[in-house]
Amino acid sequence: MKKIFSLLVLAMMVLVLAACGGGNDDASEGSGNEGGSEGSGETKTIRAGIGLNDSHPQYLALLEWKKLVEERTDGAIEVETYHSSQLGDDRGMTEALQLGSQEVTIPSTAPIANFVPEYSVFDFPFLFPNEEVADMVLDGEVGQKFLDKLEDQNLVGLAYWENGFRDVTNSERAIETAADFEGLKLRTMENDLHLDAFSALGANPTPMAFGELFTAMQQGTVDGQENPIPTIYLQGFYEVQDYVSTTHHIYSPFVFLMSKEFFDGLTEEQQTIVTEAAVEAGALNRELNREAVAEYAEELKAEGMNYNDITPEARAEMVEIVQPVLDEYAEQIGKETVQEVYDAIAAAEAELAE
Ligand code: KDG
């Protein structure tokens, strides 16, 4: 009797404990803490990882986000930042968010298409005519609709940041026309549309995590790659590449992702704080990135890279060559979804032209 009574008391105690904070243990293992300023007072920790290095506008803006979140939550949320693929590659980190073993990552839309196939539309070559139109579409209704699609994947999209217009570098030749892609071993992000588009252009593309890229170029495993100018300069690609050609073939948005489990564990006020801070720091990311493009293009020339722009005719030829690939993906993604994006782009262009 006495024994059962003490067991009951014990069970009661465990239940009471679980009710008022047991989750923390679980939380501390993976998805942050339940408490926070309004809650139990325990600090919640966010591990935020990216692939690019600590001099890239993406990381500088992430540090700004950290500052805003820690200030506005009076330290109830602490942010640990990791750069240079320290926590893994884009796909691995996104999976870690789904599992709740990491809280934040900011990949390009290309790897996200492996989780939400509709995101491939954002990587349609030559889709966005310029950054202003991209901002209007991504920060508008269509952009929000795509962020909402992430919830089914246990992810929350807080904002769009900018990777930028992607250009091609390689160690073989200048890309003047589509024919210059012939047989070029090109690294691409892990995205089937990128692979199919570069195959259609005659290149020999291979998907690879960002963290492996520099070594692959150094060892000649690949002849080249494609990324925006700030990445080409700040990651030191000019040390292992001779040619940079401003194809501007894809405008690459970043998506600021948070683990849904962690986000749902925040108070409403904290959810607003992390989201508003992601939008504000995103504006800084875009500003720094656009300044960096102009500045670092000159730096690449100064570093001895052979720098060429492509003509509108050459770009039109590339658009024509990849169009059948886009038609195929539009079928897969859903023509309505693709048309919605095209309509939003046309509306933004019209508004800017007024
Ligand atoms: O931090 C983001 C990077 O991991 C990645 O998205 C960079 O554009 C990129 C690439 O080519 O992998």
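Sequential numbering from 1 along the given sequence is applied to the chain's residues.
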Roughly how far apart are L138 CG and Q144 CD, rounded to 0.5 Å? 11.5 Å
Atom CD of residue position E239 - does it have more than 12 heavy atoms of other residues, nucleotides or ligands inside 6.0 Å? yes
With sequence neighbours left out, the residues meeting salt bridge (charged side-chain N to carboxylate O under 4.0 Å, His left out) with E95 are none
May I ask you to test the I77-V274 pair for a side-chain heavy-atom distance under 4.5 Å? yes
Between L150 and V156, is there a shared hydrophobic cluster once you connect ILVMFWY residues whose side-chain heavy atoms come closer than 4.5 Å? no
Who pairs with K66 by salt bridge (charged side-chain N to carboxylate O under 4.0 Å, His left out), at least two apart in sequence or on another chain? E70
Expected list for residues 160-170: side-chain donor-acceptor pairs under 3.5 angstrom, two or more places apart:
from: Y160; atom 1: OH; to: G143; atom 2: O; distance (Å): 2.6
from: W161; atom 1: NE1; to: A278; atom 2: O; distance (Å): 2.9
from: E162; atom 1: OE1; to: Y251; atom 2: OH; distance (Å): 2.8
from: E162; atom 1: OE1; to: R290; atom 2: NE; distance (Å): 3.1
from: E162; atom 1: OE1; to: R290; atom 2: NH2; distance (Å): 2.7
from: E162; atom 1: OE2; to: N289; atom 2: ND2; distance (Å): 3.2
from: E162; atom 1: OE2; to: R290; atom 2: NE; distance (Å): 3.2
from: N163; atom 1: ND2; to: S108; atom 2: OG; distance (Å): 3.0
from: R166; atom 1: NE; to: E226; atom 2: OE1; distance (Å): 2.7
from: R166; atom 1: NE; to: E226; atom 2: OE2; distance (Å): 3.4
from: R166; atom 1: NH1; to: S252; atom 2: OG; distance (Å): 3.2
from: R166; atom 1: NH2; to: E226; atom 2: O; distance (Å): 2.8
from: R166; atom 1: NH2; to: E226; atom 2: OE2; distance (Å): 3.3
from: R166; atom 1: NH2; to: N227; atom 2: OD1; distance (Å): 3.4
from: D167; atom 1: OD1; to: T247; atom 2: N; distance (Å): 3.3
from: D167; atom 1: OD1; to: H248; atom 2: N; distance (Å): 2.7
from: D167; atom 1: OD1; to: H248; atom 2: ND1; distance (Å): 2.6
from: D167; atom 1: OD2; to: H248; atom 2: ND1; distance (Å): 3.4
from: T169; atom 1: OG1; to: Q225; atom 2: NE2; distance (Å): 3.0
from: T169; atom 1: OG1; to: Q241; atom 2: OE1; distance (Å): 2.7
from: N170; atom 1: OD1; to: E172; atom 2: N; distance (Å): 2.6
from: N170; atom 1: OD1; to: R173; atom 2: N; distance (Å): 2.8
from: N170; atom 1: ND2; to: R173; atom 2: O; distance (Å): 2.7

Closest non-hydrogen atoms of E340 and V142, given as atom of the first, atom of the second and distance, are O-CG2, 4.0 Å
When you look at NZ of K301, are more than 12 heavy atoms from neighbouring residues, nucleotides or ligands closer to it than 6.0 Å? yes
Side-chain ion pair, K145 and E141, N-O less than 4.0 Å: no
Contact check, side chains of T94 and P107, non-hydrogen atoms, under 4.5 Å: yes
I want to know whether H56 and Y233 have ring centres closer than 6.0 Å. no
Nearest heavy-atom contact between K185 and T221 is NZ-O, 3.7 Å
Pick one: which of V104, I106, L87, L257 meets side-chain contact (heavy atoms from CB on, under 4.5 Å) with M93? L87
Basic-acidic side-chain contact under 4.0 Å: R286, D139: yes
Consider only side-chain N and O atoms of S171 and Y243, and report whether a donor and an acceptor are under 3.5 Å apart. no
State, without any angle test, whether D123 and T109 hold a side-chain donor-acceptor pair at a distance under 3.5 Å. yes
May I ask you to decide whether R72 forms a salt bridge with E280, counting only side-chain N to carboxylate O separations under 4.0 Å? yes
Side chains of E298 and Y296: do they bring a donor and an acceptor to under 3.5 Å? no
Please evaluate residues F237 and Q218 with respect to the criterion side-chain contact (heavy atoms from CB on, under 4.5 Å), reporting the C-alpha separation (whole Å), side-chain torsions for both, the decisive distance (0.1 Å), and the verdict. CA-CA 9 Å; F237 290 177; Q218 200 172 38; over 6 Å; no
Closest heavy-atom pair and its distance - F128, V137: CE2-CB, 4.0 Å
Regarding Q270 and T267, do their side chains bring together a donor and an acceptor under 3.5 Å, going by distance alone? yes
Where do V341 and F146 come nearest, in terms of heavy atoms and distance? CG2-CE1, 4.0 Å
Can we say E78 and K44 salt-bridge, meaning some charged N sits less than 4.0 Å from an Asp/Glu carboxylate O? no
Flag for D192-Y329: side-chain donor and acceptor within less than 3.5 Å: no
Does the distance from a Lys or Arg side-chain N to an Asp or Glu carboxylate O, for R47 and E80, drop under 4.0 Å? no
